[in-house]
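Count residues from 1 along the sequence.
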Amino acid sequence: MFFYMIGIMYLITKNLSDLFFPTLIYLFSTILMGLFALLRKNEVNKKSYYFVWYGVIAALICDSISVLQIFQSSKILYPKITLILFYAISQYLIVRGILEETNVSKTDSVT
């Protein structure tokens, strides 16, 4: 996750000017969301975990497209459609994963 943030910042740093710190905070919060999704691994069932994790990956792709399109004018095919597509997929998968969630208790398996 850290290398993702470093890579994106490397690509767009020269075009940020006054928006360096807000963009850094935005990317940091996106990575924090990914880390929180990873921390769910042993606390919820696998189906919920993977739905949320794939939703977070789609959100990272969406954020990457957005940042690159704004600050680098990259040549992404159909950027608006791609952005909305990954955003919708991420929201669907995250909500679906939360709805599928059941707690996995280690004390229940012992008794």
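- Open room surrounds OH on Tyr87; 12 or fewer heavy atoms of other groups in view lie less than 6.0 Å from it.
- With hydrophobic clusters built from ILVMFWY side chains whose heavy atoms lie under 4.5 angstrom apart, Leu60 does not share a cluster with Ile6.
- Note: the hydrophobic cluster containing Val95 does not contain Phe36 (ILVMFWY, side chain heavy atoms under 4.5 Å, direct or indirect links).
- Linking ILVMFWY residues whenever their side-chain heavy atoms come closer than 4.5 Å, directly or via other members, places Leu32 and Leu39 in the same cluster.
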Atom pairs and distances, donor-acceptor, side-chain atoms in residues 48-58, under 3.5 Å, two or more places apart:
from, atom 1, to, atom 2, distance (Å)
Ser48, OG, Arg40, NH2, 2.9
Ser48, OG, Gly97, O, 2.6

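- One distance of note links OG of Ser64 with CE of Met5; it measures 12.5 Å at 0.5 Å rounding.
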Ignoring hydrogens and angles, write down the donor-acceptor pairs under 3.5 Å from the side chains of residues 14-23, residues two or more places apart or on other chains.
from, atom 1, to, atom 2, distance (Å)
Asn15, ND2, Phe71, O, 2.5
Thr23, OG1, Leu19, O, 2.7

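- One distance of note links CD of Gln72 with CG of Leu11; it measures 5.0 Å at 0.5 Å rounding.
- Taking both residues in full, the closest heavy atoms of Asn45 and Glu101 are given as OD1-CA, 3.8 Å, listed atom of the first, atom of the second, then distance.
- Val44 is not listed as a side-chain neighbour of Thr102, based on a closest heavy-atom distance of 4.5 Å or more.
- Summarising the geometry, atom CD belonging to Glu100 is positioned 4.5 Å from atom CZ belonging to Arg96; distances are rounded to the nearest 0.5 Å.
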Per-pair distances, 0.1 Å, donor-acceptor, side chain in residues 79-86, under 3.5 Å, sequence neighbours excluded:
from, atom 1, to, atom 2, distance (Å)
Thr82, OG1, Leu77, O, 3.1
Thr82, OG1, Tyr78, O, 2.8

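- Taken together through direct or relayed side-chain contacts under 4.5 Å among Ile, Leu, Val, Met, Phe, Trp and Tyr, Tyr92 and Ile89 form part of one hydrophobic cluster.
- Listed for the Asp63 side chain is no donor-acceptor partner under 3.5 Å among the backbone atoms of Thr30.
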